[in-house]
2 protein chains.
Amino acid sequence: MIDYNHPAFQYYQNVSEQCIHYLSIDGVIFGFHQNQLKVLLLRWKGTDEWSLPGGFILKAESVDLAAQRIIRERTGLQTLYLQQFHVFGETIRYNSEETWRKINLPVQGINWSERTISIGYYALVEYAEVVPTPDFLTEECRWWSLEAIPNLLFDHNHIVEVALQSLRKNVSDQPIGHLLPETFTIPELQRLYETILGHSLDARNFYKKIMAQENLERLAERRAGTPHKAPYLYRFKRSPSGINDIPSYT
Amino acid sequence: MIDYNHPAFQYYQNVSEQCIHYLSIDGVIFGFHQNQLKVLLLRWKGTDEWSLPGGFILKAESVDLAAQRIIRERTGLQTLYLQQFHVFGETIRYNSEETWRKINLPVQGINWSERTISIGYYALVEYAEVVPTPDFLTEECRWWSLEAIPNLLFDHNHIVEVALQSLRKNVSDQPIGHLLPETFTIPELQRLYETILGHSLDARNFYKKIMAQENLERLAERRAGTPHKAPYLYRFKRSPSGINDIPSYT
DNA sequence: CATCTTTGCGTACTTTTGACATAAAGGTAC
DNA sequence: GTACCTTTATGTCAAAAGTACGCAAAGATG
């Protein structure tokens with residue numbers, strides 16, 4: 001028995017007509033807050049089950065723009081740094097019966113349970129700028145610390161894992177600065193690198209390396225309110241061309 | 001007027017029923033011969049137009065296995081080193097009218113001209129082991145030197161370019177040795193690195209670095225027939241676990 | 001004002017990288 | 001055979017990059 005009024009059914013109708021079948025996008029949205037990497041997760045209506053934000057690609061929409069649209073809707077951000085990182089194309093990516101049961105979808109009758117190939121994108125965003133916004137299948141959208149992530153729906157734990165590996169592998173040429181606010185201190189930047197890399201760095205050597213890159217400008221102000229010596233604030237130099245070049249620590 | 005007997009039409013019928021729409025795989029098969037990187041290209045029946053090998057994904061087939069199947073069919077190789085490198089998802093990837101004209105396909109009536117998203121894979125194969133085999137839309141399959149590649153159909157010149165960039169970026173953790181025969185000399189390995197990286201290396205320093213990795217074993221034999229000092233033959237050590245670990249030059 | 005922690009910069013040691021010397025091996029020219 | 005040439009195989013050494021660690025200045029606390 002199909003509940004034709006269930007929002008999921010209407011969504012499915014839309015997707016069927018306007019979107020590309022068998023293919024979806026999953027987004028791992030990375031933020032940085034209180035010295036921890038966070039990802040934005042969604043809780044499905046009437047359940048305690050969480051998943052990554054995701055969506056489908058319109059038949060006349062580029063894949064990059066689809067990812068941008070999907071992640072914009074969950075974050076409220078207009079400009080986004082996005083990186084395609086992997087295609088998850090196994091025929092059996094997760095236990096689908098178990099999954100449909102968990103999310104209470106009255107959609108057994110429709111073929112939503114067919115295999116889906118998912119293109120993984122990760123985003124590097126400024127935590128404080130994000131307005132977490134659920135979609136119409138979910139009722140809560142919030143940040144989770146990477147270490148505290150629960151068992152997610154689908155194969156989303158695996159996708160987060162691969163996204164993180166990919167981010168780690170490419171830290172040296174990713175614009176890591178997108179995870180920080182406009183101005184920040186060197187120790188704050190160091191915490192970010194430490195968190196991504198998963199090990200601590202020597203503050204003195206970190207200074208030297210970061211300063212050697214000459215893409216930071218020191219502001220006159222210092223960070224107030226710290227219990228110890230007030231650190232200077234810095235900002236990434238923007239290249240005159242307007243292209244983001246926030247290089248990074250190798 | 002549609003020629004229902006044209007092999008392309010029958011192929012399309014098959015693809016429509018059994019494969020995932022809007023989604024395809026393109027393969028950049030790299031080989032190494034006479035100190036040059038080569039890619040395997042196909043010439044379309046009755047034309048002088050060349051393209052990369054490609055194909056579609058069966059509805060119940062993993063994407064990796066689809067890529068493997070497609071590349072196996074063109075090379076005759078059973079074991080393959082494959083690497084997914086990019087999804088080409090623009091809505092307009094090439095001039096489709098021009099392309100259909102070039103390949104003389106009597107398929108105006110069917111919607112083959114709809115946008116296709118393509119997953120790019122590259123393969124590293126041993127040149128001499130490959131038996132180039134055309135498919136039923138093409139009549140010639142052969143190696144082309146990277147520098148001599150003609151204007152290809154679709155956006156395949158771009159795909160080759162991106163594959164090469166990706167290979168270059170990841171040389172340091174790709175099993176480059178798959179491009180060489182079982183046994184080879186150090187100078188031959190050096191030529192391979194030089195060709196991929198696009199610049200020459202100092203033979204003395206190359207030796208040191210390669211030997212420091214300790215994953216080569218020197219055989220008793222030497223390469224005969226050279227006009228100069230006969231170099232030793234080497235072979236990559238296979239790890240006891242059976243997993244390929246052909247590390248590489250950084 | 002003494003104490004504590006953190007920032008900011010400097011020095012010394014180690015490892016890696018890059019430039020270059022040279023002897024041994026194996027062919028060719030005579 | 002012998003002189004000569006090219007290429008392989010190893011070695012040396014200095015520059016550069018990376019790592020460990022010393023220490024004074026800044027700012028809050030008691």
Side-chain angles (χ1 to χ4, degrees), chain A residues 34-36 168-169 171-173 176 180-181 183-237 247-250, chain B residues 34-35 168-169 171-173 176-177 180-181 183-237 247-250:
Chain A
Q34 293 178 332
N35 292 340
Q36 289 186 309
R168 279 198 180 135
K169 194 182 160 202
V171 244
S172 49
D173 44 39
I176 282 311
L180 292 174
T183 64
F184 51 88
T185 68
I186 300 294
E188 282 163 10
L189 183 61
Q190 186 185 335
R191 302 290 164 266
L192 173 56
Y193 275 103
E194 288 177 337
T195 308
I196 294 175
L197 295 172
H199 59 86
S200 62
L201 300 167
D202 183 279
R204 282 86 49 109
N205 295 332
F206 184 78
Y207 253 86
K208 268 191 302 186
K209 250 191 162 171
I210 284 293
M211 294 326 238
Q213 293 186 185
E214 296 185 341
N215 56 332
L216 289 181
E217 55 180 323
R218 182 154 97 177
L219 308 181
E221 318 149 65
R222 287 155 178 256
R223 168 80 76 228
T226 58
H228 307 294
K229 175 171 173 178
Y232 285 102
L233 288 172
Y234 289 79
R235 177 168 54 197
F236 281 108
K237 284 183 195 165
S248 38
Y249 179 84
T250 320
Chain B
Q34 292 179 332
N35 291 341
R168 278 198 182 137
K169 193 182 160 205
V171 243
S172 49
D173 44 38
I176 282 313
L180 292 175
T183 63
F184 50 88
T185 68
I186 300 295
E188 281 162 8
L189 183 61
Q190 186 186 337
R191 301 290 164 267
L192 174 55
Y193 276 103
E194 288 177 336
T195 307
I196 294 174
L197 295 171
H199 59 85
S200 62
L201 299 166
D202 183 280
R204 283 105 21 129
N205 295 332
F206 183 78
Y207 253 86
K208 267 191 304 185
K209 252 190 158 170
I210 283 294
M211 292 328 233
Q213 294 187 187
E214 296 184 341
N215 57 333
L216 289 180
E217 56 179 323
R218 182 153 97 178
L219 308 180
E221 319 148 66
R222 290 155 176 255
R223 169 80 76 228
T226 57
H228 306 294
K229 175 172 174 176
Y232 284 102
L233 287 172
Y234 288 79
R235 175 168 54 196
F236 281 108
K237 283 181 195 165
S248 36
Y249 179 83
T250 320

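What you see below is based on every heavy atom in this structure, not just the backbone, and it leaves out hydrogens, waters and symmetry mates. Labels below follow one simple rule: chain letters A, B, ... track the order of the sequence lines, proteins then strands, and each chain is numbered from 1.
Under the side-chain contact (heavy atoms from CB on, under 4.5 Å) criterion, A/Glu217 pairs with A/Arg235, A/Lys237, sequence neighbours left out. Partners of A/Phe184 by ring pair (Phe, Tyr, Trp, His ring centres under 6.0 Å), not counting sequence neighbours, listed by chain and number: A/Phe236.
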List every contact pair, protein side and nucleotides 8-11 of chain D side both N or O, where the distance is under 3.5 Å.
| unit_1 | atom_1 | unit_2 | atom_2 | d |
| --- | --- | --- | --- | --- |
| D/dT8 | O2 | B/Lys229 | NZ | 3.1 |
| D/dA9 | OP1 | B/Tyr232 | N | 2.6 |
| D/dA9 | OP2 | B/Tyr207 | OH | 2.0 |
| D/dA9 | O5' | B/Tyr207 | OH | 3.2 |
| D/dT10 | OP1 | B/Arg218 | NH1 | 3.2 |

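The pair B/Arg191-B/Glu188 does not meet the salt-bridge criterion, since no charged nitrogen lies less than 4.0 angstrom from a carboxylate oxygen.
When rounded to the nearest whole Å, the span between OH of B/Tyr193 and C1' of C/dT17 equals 17 Å. One can place NE2 of B/His228 at 9 Å from C1' of C/dG26, the figure rounded to the nearest angstrom. Residue B/Asn35 contributes atom CG, which lies 12 Å from atom P of D/dT7 at whole-angstrom precision. Counting to the nearest Å, the C1' atom of C/dT6 and the CD atom of A/Glu194 are 14 Å from each other. The CG atom of B/Leu201 sits 16 Å away from the C1' atom of C/dT16 (whole-angstrom rounding).
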Please report the C-alpha distance between A/Tyr193 and A/Leu201 in whole Å, then the side-chain angles of each, then the deciding distance to 0.1 Å, and finally whether the side chain to side chain contact (heavy atoms under 4.5 Å, CB included) criterion is met. CA-CA 8 Å; A/Tyr193 275 103; A/Leu201 300 167; 3.9 Å; yes

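Closest approach of B/Arg168 and B/Thr195 over heavy atoms only: NH2-O, 4.4 Å. Across A/Ile210 and A/Asn215, no two heavy atoms sit closer than the pair O-OD1, 4.2 Å.
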